[in-house]
Engineer: 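Quick one: structure below, then a few questions.
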Amino acid sequence: MTAKILDGSAVSKHILAETKDQVGAFELEWKATPTLALFRVGDDPASVSYAGMIERTCKKVGIVFQSHTLPADSTEDEAIRVMRKLNDDKNVHGIILQQPLPEGIHAEAVVEAMDPAKDVDGAHPLNAGRLARAAFVDRPQNVGPYFVPATPLGGLELLKRFNIEVDGQRAVIVGASNLIGTPMSLLLSRHWATVTVCDMRTKPLSEMTKQADILVSVTGVAHLITADMIKPGATLLDFGFAQLDGKWVGDVDYESAKEVAGAISPVPGGTGPMTNAMLMRNTLTA
């Protein structure tokens, strides 16, 4: 068996093309251009690189990009003031806060100062809470509008675009992070999957992963998931990203796993490109 490759690079191009058309239609109808403001404190190299990637993606779809940066020695109060200023700016439709923040600034405080209606990466507790209490996907919704973090939302979209069945499947998630693992578990459960969430203390981990029809890994531990830990024919969504022998790899040992799995997302080129595509779609929604 050779697995179907869940090519996020190709799918994201289609989503960005769709979003570009929708942005054009929005501008014609509303005489305004969707605008995304990125806010960070300091100049962490990884954050700077990612900001450049977001800016390039905005240009592709016609979304206005704004960058707001404070010096690394800024205070928490100063960061909150910037956030509230962006909340009040009617020309800003979406906000993304880059993390990590410098020592002395509590990310939770800055996130909670954000307008949830502009929180296009689903970080605010109100958005997280509404996702947690949302109805199943085919039932009337019982909560107000909310945003889902772009990375897990991209993973779900990848499954949909490749017609991977979720309803009734056993899903196992390795890594319970608030940004990816937990919202991914909620998205899958709302689509009628039976979900188990594991972490690095789950022992033996392989006994859990071998039960998964859909296996999601979010640890950042290179090649944590090996072929003998995978149920034959399972779908693998790999959100990991780490360096091994000078190369970027995922949580899954890709070369061996693709001979066992039914479908697999590569690293790079799988779930990663989907994140920015969903961020653009969320900004248009905002």
Side-chain angles (χ1 to χ4, degrees), residues 7-40 47-70 79 81-99 110-111 113-124 126-128 130-131 134 137 141 143-162 179 183 187 269 271-286:
D7 187 344
S9 295
V11 172
S12 66
K13 289 178 182 177
H14 288 294
I15 295 173
L16 292 175
E18 294 164 3
T19 304
K20 183 177 181 179
D21 290 342
Q22 293 163 357
V23 168
F26 178 89
E27 287 181 311
L28 286 174
E29 181 174 359
W30 296 98
K31 311 304 179 193
T33 303
T35 298
L36 174 63
L38 181 145
F39 174 38
R40 73 170 180 270
S47 294
V48 172
S49 176
Y50 184 53
M53 192 181 304
I54 294 175
E55 182 174 12
R56 291 190 293 273
T57 308
C58 284
K59 288 180 179 178
K60 288 179 182 178
V61 300
I63 288 176
V64 174
F65 176 82
Q66 295 182 3
S67 179
H68 300 265
T69 307
L70 285 178
R81 280 198 292 271
V82 171
M83 184 62 74
R84 288 176 175 162
K85 183 178 180 181
L86 294 174
N87 290 344
D88 294 338
D89 188 342
K90 293 182 179 180
N91 293 317
V92 170
H93 306 104
I95 304 170
I96 180 169
L97 174 68
Q98 284 197 285
Q99 298 186 48
V110 184
V111 167
M114 190 189 310
D115 180 352
K118 294 186 178 186
D119 170 32
V120 291
D121 204 21
H124 194 280
L126 178 64
N127 285 317
R130 285 181 172 175
L131 171 61
V137 67
Q141 282 305 304
V143 297
Y146 60 93
F147 285 108
V148 176
T151 298
L153 187 61
L156 179 67
E157 186 70 17
L158 201 56
L159 296 179
K160 290 181 176 180
R161 297 271 175 153
F162 281 95
L179 292 178
L187 288 173
T271 59
M274 297 295 293
T275 296
N276 283 352
M278 305 315 290
L279 189 61
M280 297 302 105
R281 200 164 79 175
N282 279 356
T283 300
L284 177 60
T285 300

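Small disclaimer: the values here were computed from a predicted structure and weren't measured.
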Engineer: Which atom pairs, one a donor and one an acceptor, fall under 3.5 Å between side chains of residues 275-286 and the rest of the protein, sequence neighbours left out?
Structural biologist:
residue : atom : partner : partner atom : Å
Thr275  : OG1  : Thr151  : OG1          : 3.0
Asn276  : OD1  : Tyr50   : OH           : 3.1
Arg281  : NH2  : Glu157  : OE1          : 3.4
Asn282  : ND2  : Val120  : O            : 2.9
Asn282  : ND2  : Val148  : O            : 3.3
Thr283  : OG1  : Leu279  : O            : 2.9
Thr285  : OG1  : Arg281  : O            : 3.0

Engineer: Any idea which heavy atoms bring Met83 and Ile95 closest together, and the distance?
Structural biologist: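 Scanning both residues completely, I find the closest heavy atoms to be SD-CG2, 3.9 Å.
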
Engineer: Do the side chains of Val11 and Phe162 get nearer than 4.5 Å, heavy atoms only?
Structural biologist: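 In short, these two side chains touch, coming nearer than 4.5 Å.
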
Engineer: For the residue pair Phe65 and Leu38, establish whether any side-chain heavy-atom pair is separated by less than 4.5 Å.
Structural biologist: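 Contact flag for Phe65/Leu38 side chains = yes.
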
Engineer: Which atoms form the tightest heavy-atom contact between Lys118 and Asp88, and what is the distance?
Structural biologist: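 Between these two residues, the closest heavy atoms are NZ-N, 4.4 Å.
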
Engineer: For residues Pro183 and Leu179, report the shortest heavy-atom separation together with the two atoms involved.
Structural biologist: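 Looks like CG-O, 3.5 Å.
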
Engineer: Check whether any side-chain heavy atom of Leu86 sits under 4.5 Å from a side-chain heavy atom of Phe39, and report yes or no.
Structural biologist: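 Touching, per the 4.5 Å side-chain cut-off.
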
Engineer: Would you give the length of the straight line joining atom CG of Asp121 to atom CD of Gln98, rounded to the nearest 0.5 angstrom?
Structural biologist: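 Output value for this atom pair is 10.5 Å.
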
Engineer: Side-chain contact test, heavy atoms from C-beta onward, threshold under 4.5 Å: evaluate it for Tyr146 versus Leu126 and give yes or no.
Structural biologist: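 The answer is no; the side chains never approach within 4.5 Å.
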
Engineer: Does any part of the side chain of Val48, heavy atoms only, come nearer than 4.5 Å to the side chain of Arg40, both counted from C-beta?
Structural biologist: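 Sidechains of Val48 and Arg40: in contact.
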
Engineer: Enter the distance from Thr271:OG1 to Leu156:CG here, rounded to the nearest 0.5 Å.
Structural biologist: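 So the OG1 of Thr271 and the CG of Leu156 are separated by 13.0 Å.
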
Engineer: Under 3.5 Å, which donor-acceptor pairs do the side chains of residues 57-64 form with other protein atoms, sequence neighbours left out?
Structural biologist:
residue : atom : partner : partner atom : Å
Thr57   : OG1  : Met53   : O            : 2.8

Engineer: Measuring only between side-chain heavy atoms, which start at C-beta, is Leu187 closer than 4.5 Å to Leu131?
Structural biologist: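 Side-chain contact under 4.5 Å: yes.
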
Engineer: Please report the interatomic distance CD(Gln66) to CG(Asn91), rounded to the nearest 0.5 Å.
Structural biologist: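 Atom-to-atom, Gln66:CD and Asn91:CG are 8.0 Å apart.
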
Engineer: For the residue pair His124 and Asn127, establish whether any side-chain heavy-atom pair is separated by less than 4.5 Å.
Structural biologist: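 Of all side-chain heavy-atom pairs linking Asn127 with His124, at least one is under 4.5 Å.
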
Engineer: Determine, stepwise, if the pair Val82 / Val110 fulfils side chain to side chain contact (heavy atoms under 4.5 Å, CB included).
Structural biologist: CA-CA 9 Å; Val82 171; Val110 184; over 6 Å; no

Engineer: How far apart are the closest heavy atoms of Ile15 and Met274, and which atoms are they?
Structural biologist: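 Heavy-atom minimum between the residues: CD1-CE, 3.5 Å.
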
Engineer: My understanding is that only residues two or more places apart in sequence, or in another chain, count here; which of them pass side-chain hydrogen bond (donor to acceptor under 3.5 Å, both in side chains) with Glu18?
Structural biologist: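 By the side-chain hydrogen bond (donor to acceptor under 3.5 Å, both in side chains) rule, Glu18 matches Arg161.
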
Engineer: With a 4.5 Å heavy-atom cut-off, do Gln99 and Val111 have their side chains touching?
Structural biologist: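 Touching, per the 4.5 Å side-chain cut-off.
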
